[in-house]
Amino acid sequence: MSEYSAGRSGFSPAYLDRVGSSFTDFLAAAAPDLLPGRRPVPQLPVGDVTPHGTTIVSVTYDGGVLMGGDRRATMGNLISSRDIEKVYPADAWSVIGIAGAAGIAIEMVRLYQVELEHYEKIEGLTLSLDGKANRLAQMIRGNLGAALQGLAVVPLFAGFDLDAAPGTTPGRIFSYDVTGGNYEERGYSAVGSGSLFARNSLKKTWRPKLDGDAATRSLVEALYDAADDDSATGGPDPVRRLYPIVYRVDAEGAVRLTDDEVAAVARTITDERAAAEGQG
């Protein structure tokens with residue numbers, strides 16, 4: 001094999017000869033050690049000695065979808081971070097929230113963002129929302145070995161469906177399991193250690209066709225209720241000015257709500273509950 005056939009201009013064949021729109025597939029050929037799921041898996045469970053993130057909540061509303069996450073990360077019985085960010089824009093029309101091993105999850109999010117951008121540049125169009133959900137499922141499946149040793153990553157994915165039929169809800173939510181199972185949720189969903197309490201809250205406050213403000217209130221209240229019962233979920237912290245991160249995805253794209261906007265909603269909830277306690 002000549003030096004020319006082995007790689008032109010100093011690049012290996014994988015950089016120049018491979019045809020495809022998946023950046024993850026390209027990376028598997030060019031530098032597989034950079035993929036989270038291809039790294040050596042510890043032989044003993046290590047879940048309790050790595051930071052874990054919880055809790056993520058997503059709700060649909062009339063015109064789009066919202067996703068929010070608390071700011072706490074835990075390591076066993078310790079709080080490893082009070083201001084971690086767990087919700088990120090995947091692209092202009094979708095968002096992803098992470099629960100599980102924080103380091104691997106954040107790395108997976110960054111790889112997923114590049115995956116969607118790479119597809120758009122190669123194909124010249126945006127991947128469909130179903131296609132985005134399926135691509136994420138493949139990446140989660142690649143992390144199964146680490147998940148079995150306590151380094152699981154279980155994200156929540158949501159987006160605005162540009163191809164939604166008239167009269168249908170354009171905001172859609174997808175949940176996953178550690179094997180890469182992909183499930184579309186109806187109306188709302190939650191993942192993480194506080195998800196049970198968040199779901200119970202949403203059952204009481206969420207309704208179909210809520211407007212954006214009411215849906216934001218429902219989401220923030222669900223995170224507040226989760227923090228009230230789950231020690232791994234952090235509640236609003238006005239002293240440090242730490243509030244849930246909330247993204248709105250609608251026809252205008254994915255936009256992060258400001259801290260002041262979220263703080264105002266959280267303050268309304270706490271004031272109402274304080275008043276109710278006083279009446280009791």
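In this chain, residues are counted from 1 in sequence order.
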J.: Under 4.5 Å between side-chain heavy atoms, hopping through other hydrophobics if needed: is there a path connecting Ile98 to Val57?
T.: no
J.: Is there a donor-acceptor pair closer than 3.5 Å between any side-chain N or O of Thr268 and the backbone N or O of Ala264?
T.: yes
J.: Under the rule for side-chain contact (heavy atoms from CB on, under 4.5 Å), what residues qualify as partners of Thr126, not counting sequence neighbours?
T.: Asp91, Glu120, Lys132
J.: Return the set of residues passing side-chain contact (heavy atoms from CB on, under 4.5 Å) with Asp250 (not counting sequence neighbours), or none when no residue passes.
T.: Tyr61, Arg248, Glu252
J.: Under the salt bridge (Lys or Arg N to Asp or Glu O under 4.0 Å) rule, collect the residues that match up with Asp229, sequence neighbours excluded.
T.: none
J.: Output all residues satisfying side-chain contact (heavy atoms from CB on, under 4.5 Å) with Glu261, sequence neighbours left out; order by chain, then residue number.
T.: Leu257, Thr258
J.: Can you check whether Phe160 reaches Leu129 side chain to side chain, under 4.5 Å on heavy atoms?
T.: no
J.: Starting from Leu196 and following side-chain heavy-atom contacts under 4.5 Å between hydrophobic residues (I, L, V, M, F, W, Y), which residues can be reached?
T.: none
J.: Does any N or O in the side chain of Thr60 come within less than 3.5 Å of the main-chain N or O of Gly187, such that one atom is a donor and the other an acceptor?
T.: yes
J.: Does Arg71 reach the main-chain N or O of Pro244 with its side chain, forming a donor-acceptor pair under 3.5 Å?
T.: no
J.: Would you list the pairs meeting salt bridge (charged side-chain N to carboxylate O under 4.0 Å, His left out) in which at least one residue belongs to residues 196-217, sequence neighbours left out?
T.: Arg217-Glu221, Arg217-Glu272
J.: What are the two closest non-hydrogen atoms of Gly69 and Ile56, and how far apart are they?
T.: CA-CD1, 3.8 Å
J.: Members other than Leu242 in its cluster, when Ile, Leu, Val, Met, Phe, Trp, Tyr link by side-chain heavy atoms under 4.5 Å?
T.: none
J.: Keeping the roles fixed (side chain from Tyr176, backbone from Arg141), state whether a donor-acceptor pair exists under 3.5 Å.
T.: no
J.: Is it the case that the side chain of Thr216 and the backbone of Gly212 share a donor-acceptor pair, with hydrogens and angles ignored and the cut-off at 3.5 Å?
T.: yes
J.: When rounded to the nearest 0.5 angstrom, what distance separates CG in Leu136 from CD in Glu115?
T.: 10.0 Å
J.: Would you say the side-chain atoms of Thr74 pair up with the backbone N or O of Ile79, donor to acceptor, closer than 3.5 Å?
T.: no
J.: Kindly determine whether Val178 and Val154 satisfy side-chain contact (heavy atoms from CB on, under 4.5 Å), including the steps that lead there.
T.: CA-CA 6 Å; Val178 293; Val154 185; 3.7 Å; yes
J.: Quick one: side-chain contact (heavy atoms from CB on, under 4.5 Å) partners of Asn134, sequence neighbours excluded?
T.: Asn182
J.: Ignoring hydrogens and angles, state whether a donor on the side chain of Thr179 or Asp177 is under 3.5 Å from an acceptor on the partner side chain.
T.: yes
J.: Can you check side-chain contact (heavy atoms from CB on, under 4.5 Å) on Arg110 and Val114, steps first, answer last?
T.: CA-CA 6 Å; Arg110 291 172 179 166; Val114 175; 5.8 Å; no
J.: Determine the interplanar angle of the Tyr112 and Phe157 rings, folded into 0 to 90°, and report it as parallel if under 30°, tilted if 30 to 60°, perpendicular if over 60°.
T.: perpendicular
J.: Partners of Thr270 by side-chain hydrogen bond (donor to acceptor under 3.5 Å, both in side chains), sequence neighbours excluded?
T.: none
J.: Is it true that Leu127 and Ile173 fall in one hydrophobic cluster, defined by side-chain heavy atoms closer than 4.5 Å?
T.: no
J.: Taking Val249 as the starting point, is it possible to reach Leu116 by hopping between hydrophobic residues whose side chains are less than 4.5 Å apart?
T.: no
J.: Would you mind reporting whether Val59 and Glu185 have side-chain heavy atoms less than 4.5 Å apart?
T.: no
J.: Using ring pair (Phe, Tyr, Trp, His ring centres under 6.0 Å) as the criterion, list what pairs up with Tyr188, not counting sequence neighbours.
T.: Trp206
J.: Identify all side-chain donor-acceptor contacts of residues 231-238 below 3.5 Å with residues at least two apart in sequence or on another chain.
T.:
residue: Thr233; atom: OG1; partner: Thr55; partner atom: OG1; Å: 2.7
residue: Thr233; atom: OG1; partner: Asp230; partner atom: OD2; Å: 2.5
residue: Asp237; atom: OD1; partner: Val239; partner atom: N; Å: 3.3
residue: Asp237; atom: OD1; partner: Arg240; partner atom: N; Å: 3.2
residue: Asp237; atom: OD2; partner: Arg240; partner atom: NH1; Å: 2.7

J.: Do Val255 and Tyr243 share a hydrophobic cluster, counting only Ile, Leu, Val, Met, Phe, Trp and Tyr and linking them when any side-chain heavy atoms are less than 4.5 Å apart?
T.: no
J.: List the residues meeting salt bridge (Lys or Arg N to Asp or Glu O under 4.0 Å) with Asp163, not counting sequence neighbours, and say none if there are none.
T.: none
J.: Any link between Val65 and Ile245 through a network of hydrophobic side chains (Ile, Leu, Val, Met, Phe, Trp, Tyr) touching at under 4.5 Å?
T.: yes
